[in-house]
Amino acid sequence: MPLLAVYTELKKVEEIVGVYRDLASISLPTSAQVRSVDDQFLAVTTQWSQRDLEKSEKTNFTVNYILNAQDYSVLIKTPSQEVKNEIWKKESPSGKYHAVVTSWKNKKGEEKQFIEIWNSQGKIKNYDVCSQEKHGKVNNKDDTFGCLQWSNNEEKLLYTSERKLPKTKSFFGTTNGNDDKKEEKDIVLGKEHYTVEDWGEQLVKKSCSVICILDIKSGTIEVLDTPADLSCGQACWGPEDNTVVFTGWNNDPFRLGLKYCTQRQSAVYTYDLKTQKITSISDKTQSSRSPNISPDQSKLVYFDQPIGGAHKQCSRLKMYDFKTQTNQVILDIVHRPKDEVCNGIYEDVLMSRCWSHDSKQIILSTSYRSRTVLYCINVETKTVRQLNGGIKDGSSSIVDIYKDIIIISCTSPNTPQHLMVGKLLSNPGEEIKWHYLNQPEIDNNISFHLSSHQPTTDRKHSKYGYLDYETILVLPKTTDDKKPPLILFPHGGPHTTFDTLYMMYVAGFCKCGFAVLMVNYRGSLGFGQDSVESILGNIGDQDVKDCKAAADEIISKGLVDGQKVFMFGGSHGGFLTTHLIGQYPDFFQAGCCRNPVTNLTVMTGVTDIPDWVYVESGFDYNHSCLLNPSYSEEMWKRSPIRYVDQVKAPLLLMIGKDDLRVPPSQAKEYYRALKTRNIKTRLIEYEDNCHPIVKVDSEADAFVNIMLWYKEHS
Ligand SMILES: CSCC[C@H](NC=O)C(=O)N[C@@H](CO)C(=O)O
């Protein structure tokens with residue numbers, strides 16, 4: 001390479017790395033808890049996360065605020081305090097104690113887990129919970145199985161862990177003279193290689209979760225006697241701490257991936273702590289989750305939806321009354337949005353605190369077209385209203401509510417997530433006045449525009465007719481008349497959505513001079529259940545055409561350079577990337593994708609969610625499904641690899657080597673097919689990454705490689 005070219009290349013790298021470093025230094029809030037100290041003051045504890053590129057890890061820290069309870073002004077803000085080894089922290093109802101789950105490696109390198117109890121003076125108890133050998137590893141803070149709940153009397157803690165597995169040793173193992181008789185009896189022979197099913201991508205080694213109660217005074221642990229064919233999670237205390245309410249997912253006939261999949265068979269149960277009787281309180285023909293009890297303990301709300309079908313979809317909000325032992329629908333599935341208020345609920349879980357103080361209203365946030373909005377749902381009148389958010393056309397989501405003081409997170413593509421505080425008003429007509437907890441840094445060099453797109457007559461759906469969809473165009477500020485090149489970026493799923501959030505990669509692309517068109521093609525969440533269902537049996541066609549048509553419309557408006565269009569997407573977005581560069585070979589300069597689905601015919605045996613392949617290809621699925629030639633034929637027709645002979649655009653493929661959802665073989669097969677056809681391609685493999693590729697160093701490396709690839713092929 002000539003010296004000037006080497007210098008130019010290095011300069012380019014330096015600039016891109018500089019852009020990434022700046023963005024990575026922004027800290028973002030992850031959670032917050034509010035409580036009233038007295039009539040004058042409010043206390044807010046906030047948790048934050050920030051990338052540390054030097055250490056290749058995320059740094060987590062806490063900031064505490066004291067607010068004036070009248071006007072919510074910040075009176076005191078404590079310095080940031082780094083948090084290490086902490087899995088979970090939970091304040092007791094009175095605010096007197098904290099329970100902290102910590103994880104720590106001892107000198108032998110063995111992982112230890114403790115539950116610590118703190119008061120204002122310091123640590124008052126510390127229990128090595130696994131040493132009692134009543135259960136396996138304690139679950140961490142995830143939306144699926146994890147939970148940590150104080151009893152109302154502050155004497156007990158509810159948490160979940162893996163079920164204890166019998167110890168096993170080789171058929172040929174010698175007995176250890178030091179083992180006592182009892183332990184020897186509990187060891188089973190020759191089962192050490194038996195498979196232990198788990199719940200797949202990002203839930204590896206989560207096999208059968210059980211509910212545990214720690215008695216804080218004595219340190220004794222009780223593991224609830226739940227059936228072995230249920231994995232239990234999302235547990236909370238029932239009225240007067242006499243019962244435990246939880247979600248149970250069916251382990252049989254075998255487990256499928258649960259991450260991003262709310263369609264799995266599950267129900268809400270109560271466990272009577274005196275009689276040990278388990279009762280299902282939800283309709284077992286539906287998939288139910290996320291029970292949440294009202295402050296007056298008279299009722300609970302939860303989500304439900306049909307079992308099977310699209311991996312994520314519109315859910316109902318239901319309510320169970322403890323006195324009458326009856327269920328009712330509070331907010332039903334919205335098939336075709338009719339009003340301007342609500343398009344349905346698309347969330348996996350409710351926030352752990354979501355009730356108004358009078359136990360009459362629920363606050364939740366969910367997608368409404370391409371924005372996350374706040375809803376206030378009155379469970380008595382079953383009426384829904386949208387609460388005003390913090391930013392016009394931006395997104396707002398609930399973080400915490402306590403005695404009607406609400407903390408929200410506000411964001412937009414040019415404004416990083418920041419926290420605001422306000423009071424839920426009794427007059428539904430009145431707008432909430434939001435006050436900043438922290439001031440965001442708005443990037444005035446980035447702008448964004450929402451557009452609605454109507455399918456043309458050739459794209460009319462045979463059952464649902466004309467369903468519209470949306471895009472978010474994120475634009476860099478340009479100093480000259482030159483139009484920016486465009487990155488076309490459809491989301492994955494296909495049943496997820498792009499809301500008007502701040503996304504580091506998108507902001508970074510803009511700062512490197514690219515415009516980004518994020519496409520919520522038909523099938524995305526937030527547009528009604530009909531839209532979700534419209535894509536089943538139409539992948540590789542309807543979604544592909546929606547993306548291409550949206551790009552054409554935006555280019556025709558003259559906002560971006562139509563001669564310089566690039567593709568980008570992960571997973572199902574990678575499926576669309578490879579489809580689009582195959583179906584429209586002259587339209588794209590280059591493409592990049594993360595863990596793309598490229599060949600459906602060879603996915604069913606290798607992914608953790610084989611049902612996705614059947615359902616998205618237009619077939620019904622049950623656990624006994626086997627692939628046959630007629631399924632395969634249809635799957636082949638819908639696969640991007642079918643068009644590989646037509647591809648012209650150079651393609652960068654990135655894989656997470658531990659991905660269980662879209663195994664690396666999918667990208668590798670496509671890579672080989674391109675190479676043998678002399679199409680420029682590169683494959684980057686990230687160790688220790690699974691489906692999302694978000695390890696700090698890998699995410700950073702991927703960003704620079706993507707930008708260099710596009711710049712090289714501009
Ligand atoms: C058989 S994997 C299908 C694609 C995957 N769907 C669900 O997990 C996907 O696109 N994932 C999205 C998130 O839903 C992603 O961006 O990784």
Side-chain angles (χ1 to χ4, degrees), residues 143-144 199-204 255-264 308-313 346-348 367 489-499 501 503-506 518-521 523-526 532 535-536 538-540 543-544 547 567-580 592-619 621 625 627 631 635 638-641 653-656 658-667 669-670 686 689-695 698-699 702 706:
D143 285 349
T144 317
W199 289 99
E201 170 67 20
Q202 291 168 63
L203 292 168
V204 172
R255 294 161 184 80
L256 291 170
L258 204 48
K259 187 80 188 169
Y260 318 125
C261 295
T262 53
Q263 85 284 31
R264 304 270 170 254
H311 64 96
K312 284 183 82 151
Q313 40 187 293
Y346 301 91
E347 292 314 284
D348 292 7
S367 293
F489 181 14
H491 59 70
H495 309 295
T496 55
T497 200
F498 278 134
D499 286 339
L501 313 176
M503 289 165 71
M504 192 178 66
Y505 261 39
V506 173
M518 299 192 274
V519 191
N520 284 327
Y521 47 86
S524 306
L525 304 179
V532 171
I535 197 180
L536 306 181
N538 285 315
I539 56 165
D543 43 3
V544 173
C547 291
M567 265 314 301
F568 179 62
S571 194
H572 187 82
F575 172 88
L576 291 171
T577 297
T578 43
H579 255 300
L580 278 144
C592 283
C593 51
R594 161 191 55 93
N595 294 318
V597 176
T598 62
N599 187 349
L600 297 163
T601 67
V602 290
M603 273 288 278
T604 57
V606 291
T607 171
D608 68 329
I609 55 167
D611 55 326
W612 181 95
V613 189
Y614 288 93
V615 169
E616 299 297 336
S617 302
F619 304 113
Y621 175 83
C625 267
L627 197 64
Y631 287 142
M635 289 172 187
R638 310 215 151 270
S639 293
I641 202 148
L653 295 143
M654 294 168 300
I655 54 178
D658 298 338
D659 189 351
L660 297 177
R661 180 100 346 152
V662 183
S665 53
Q666 287 281 307
E669 187 186 4
Y670 200 83
Y686 292 105
N689 276 271
C690 46
H691 194 50
I693 313 192
V694 286
K695 284 262 161 84
S698 316
E699 190 187 37
I706 296 164

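Just so you know, these numbers come straight off a predicted model, no measurement behind them. Order of listing sets the numbers, starting from 1, for every ligand and every atom in it.
- Within ligand 1, the atoms closer than 4.0 Å to a non-hydrogen atom of Val662 are 2 (S), numbered from 1 in the order shown.
- For a threshold of 3.5 Å applied to N or O pairs, the pair formed by Thr607 and ligand 1 contains no separation below that value.
- Taking a 4.0 Å cut-off on heavy atoms, Glu201 fails to register as neighbouring ligand 1.
- Closest to atom 14 (O) of ligand 1, if we only count protein heavy atoms, is Thr496 CG2, 3.4 Å.
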Just do the side-chain contact (heavy atoms from CB on, under 4.5 Å) check on Val662 and His572 with the steps written out, would you?
CA-CA 9 Å; Val662 183; His572 187 82; over 6 Å; no
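- Between Gly492 and ligand 1, no N or O atom pair is found at a separation short of 3.5 Å.
- The closest non-hydrogen atom to atom 16 (O) of ligand 1, taken over His691, Glu616, Arg594, comes from Arg594.
- In this structure, the protein non-hydrogen atom closest to atom 1 (C) of ligand 1 is Met603 CE, 3.4 Å.
- Closest to atom 8 (O) of ligand 1 among all protein heavy atoms lies Arg661 NH1, 3.0 Å.
- Inspection of the Asp543 and His579 side chains reveals no N or O donor paired with an N or O acceptor under 3.5 Å.
- Considering both main-chain and side-chain atoms, His572 comes within under 3.5 Å of ligand 1 through a nitrogen or oxygen pair.
- Checked for salt-bridge contact, Arg264 and Asp611 meet the test: a charged N lies under 4.0 Å from a carboxylate O.
- Ring centroids of Tyr260 and His311 are separated by 6.0 Å or more, keeping the two rings apart.
- Gly493 N, 2.5 Å is the protein heavy atom nearest to atom 10 (O) of ligand 1.
- Listed by chain and residue number, Asp608 satisfy the salt bridge (charged side-chain N to carboxylate O under 4.0 Å, His left out) test with Arg661 (two or more places apart in sequence, or in another chain).
- A donor-acceptor pair under 3.5 Å links the side-chain atoms of Tyr686 to the main chain of Ala702, judged by distance alone.
- In terms of protein heavy-atom proximity, atom 3 (C) of ligand 1 is closest to Trp612 CE2, 3.2 Å.
- The side-chain contact (heavy atoms from CB on, under 4.5 Å) check on Ser639 picks up Asn599, Leu600, Ile641, with sequence neighbours excluded.
- With ring centers used as reference points, Phe489 lies 6.0 Å or more from Tyr505.
- With respect to atom 9 (C) of ligand 1, the closest heavy atom belonging to the protein is Ser571 OG, 2.6 Å.
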